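Comments concern the structure below.
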Amino acid sequence: WPDQSRLLLRTYQYAREWVLPGGIDTIGTATYTDIVAPVMPHVEAVGYDTVRSGYWTIPEAPVDATSPVWWVPCAM
């Protein structure tokens, strides 16, 4: 998140969000929550959307294919 109070990480199996009340320097002691994420092969990117209050995620695709782009609203 722009103010460093949260961090989002995406892997092939899950998406996780850390809450960082002390900023990014507290990542070593912070806890995370698994968050809703679409299941897709070769997922490789995730990023917050601060305007719409959600996040975007996209998988890798061959050069001759189109990758689906997913937007997921943040749970408030």
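The chain is numbered in sequence order, starting from 1. The model shown is predicted, which means the values in this text are computed figures rather than measured ones. Any value given below was found using the heavy atoms of this structure, including those in side chains, with hydrogens, waters and symmetry copies removed.
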- Any Leu7 side-chain heavy atom under 4.5 Å of Ile27 side chain: yes
- Would a 4.5 Å heavy-atom cut-off, applied to side chains only, mark Pro73 and Ser53 as touching? no
Review item, side-chain donor-acceptor pairs of residues 31-42, under 3.5 Å, at least two apart:
from	atom 1	to	atom 2	distance (Å)
Tyr32	OH	Arg16	NH1	3.3
Tyr32	OH	Arg16	NH2	3.4
Asp34	OD1	Arg16	NE	2.6

- Note on the structure: Sequence neighbours excluded, the answer for ring pair (Phe, Tyr, Trp, His ring centres under 6.0 Å) partners of Trp1 is Tyr48
- Task: Return the set of residues passing side-chain contact (heavy atoms from CB on, under 4.5 Å) with Arg52 (not counting sequence neighbours), or none when no residue passes.
- Result: Asp49, Trp56, Trp71
- Item | Any donor-acceptor pair under 3.5 Å from Ser5 side chain to Leu20 backbone | no
- Message: Counting only heavy atoms not in Trp18 (residues, nucleotides, ligands), do more than 12 fall under 6.0 Å from its CH2?
- Response: yes
- Query: Hey, any chance Ile58 and Val72 share a hydrophobic cluster, counting ILVMFWY side chains that come within less than 4.5 Å of each other, even indirectly?
  - Reply: no
